[in-house]
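The model shown is predicted, which means the values in this text are computed figures rather than measured ones.
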Amino acid sequence: MTTEERLYKLEGIVEGVMATLPERITSLENRMDLLRQELKGDIAGLRQEFKGEMAALRQEFKGEMAALRQEFKAEMAALEGRLGEQMASLRQELKAEMGSLEGRLGEQMASLRQELKGDMASLRQELKADINTALNRLMLYFSALAVLLALLTLWR
């Protein structure tokens, strides 16, 4: 095979690479856009789920509080004659129960926050890895193109 034939063959290869490179870049950009949209959707879903769980916890807490208030009022009406020490004891128990509920709610909130932070960090790392992989491939394509162009230049 002559140098000129080799040159034409290499030009064909370069033209083929140049013809498919924009399509591959566009495909890569589309995949990156899809990943971004997926990530946004997942984050929005997590936010909605978190809001829903918080609303449910608030309603449950309100229900429990309302039930405790009704129970307390009924006992107060029935026990008015024997108030004194029993009343102080009931107040202490109620405060302890509320403190316990608040503590558990705070722990659950902290746990949910940590889970959400971990999920977001994990998603962020995955997206970074995908972007880095895509950029590395793009750099390989460009390097191959540069090598081919350098070879073409040397053979002319």
Side-chain angles (χ1 to χ4, degrees), residues 6-76 88-156:
R6 287 183 191 163
L7 183 61
Y8 283 124
K9 185 176 180 180
L10 283 175
E11 283 179 354
I13 292 171
V14 168
E15 287 174 2
V17 169
M18 290 301 290
T20 61
L21 189 60
E23 182 181 310
R24 288 182 178 177
I25 289 172
T26 302
S27 173
L28 181 61
E29 287 172 346
N30 290 339
R31 284 185 23 213
M32 285 173 53
D33 288 341
L34 286 174
L35 285 173
R36 283 187 191 109
Q37 292 301 321
E38 267 185 51
L39 181 61
K40 286 179 183 178
D42 289 348
I43 289 171
L46 287 173
R47 283 184 183 145
Q48 287 302 104
E49 187 177 320
F50 182 71
K51 286 179 182 178
E53 288 179 11
M54 288 302 299
L57 284 173
R58 283 188 187 114
Q59 288 300 327
E60 184 180 327
F61 186 70
K62 285 180 182 178
E64 288 181 14
M65 289 298 295
L68 285 173
R69 283 187 187 122
Q70 290 300 324
E71 190 178 313
F72 185 70
K73 285 180 182 178
E75 285 183 24
M76 286 293 292
S89 174
L90 285 173
R91 282 189 180 131
Q92 291 299 321
E93 286 178 30
L94 182 61
K95 286 181 182 178
E97 184 66 27
M98 286 180 61
S100 173
L101 285 173
E102 287 176 356
R104 283 186 281 171
L105 183 60
E107 289 173 7
Q108 289 175 354
M109 292 271 298
S111 174
L112 286 173
R113 281 189 185 116
Q114 288 299 325
E115 286 179 32
L116 184 58
K117 284 180 183 178
D119 289 346
M120 286 178 64
S122 174
L123 287 172
R124 191 175 286 130
Q125 290 299 324
E126 286 179 26
L127 182 60
K128 283 181 182 179
D130 288 346
I131 289 171
N132 284 338
T133 301
L135 289 176
N136 287 340
R137 285 185 182 158
L138 187 60
M139 290 305 295
L140 284 174
Y141 290 136
F142 284 139
S143 296
L145 182 61
V147 167
L148 287 175
L149 290 174
L151 286 173
L152 283 174
T153 304
L154 288 174
W155 282 341
R156 281 195 178 192

So does Met18 have more than 12 non-hydrogen atoms from other groups sitting under 6.0 Å from CE? no
State whether the number of non-hydrogen atoms from other residues, nucleotides or ligands found under 6.0 Å of Met98 atom CE is greater than 12. no
Is the shortest side-chain heavy-atom distance between [X] and [Y] below 4.5 Å?
X	Y	result
Leu57	Phe61	no
Leu151	Val147	yes
Asp130	Met32	no
Leu28	Arg24	no
Tyr141	Ile25	no

With no hydrogens and no angle check, is any side-chain donor or acceptor of [X] less than 3.5 Å from a backbone partner on [Y]?
X	Y	answer
Ser122	Gly118	no
Ser27	Glu23	no
Ser111	Glu107	no
Thr153	Leu149	yes

Rounded to the nearest 0.5 Å, what separation is found between the [atom1] atom of [X] and the [atom2] atom of [Y]?
X	Y	atom1	atom2	value
Met109	Arg104	CE	CZ	15.5 Å
Gln125	Asn132	CD	CG	9.5 Å
Ile13	Arg6	CD1	CZ	12.5 Å
Asp42	Asp119	CG	CG	9.5 Å
Leu112	Leu46	CG	CG	11.0 Å
Arg47	Lys51	CZ	NZ	7.5 Å

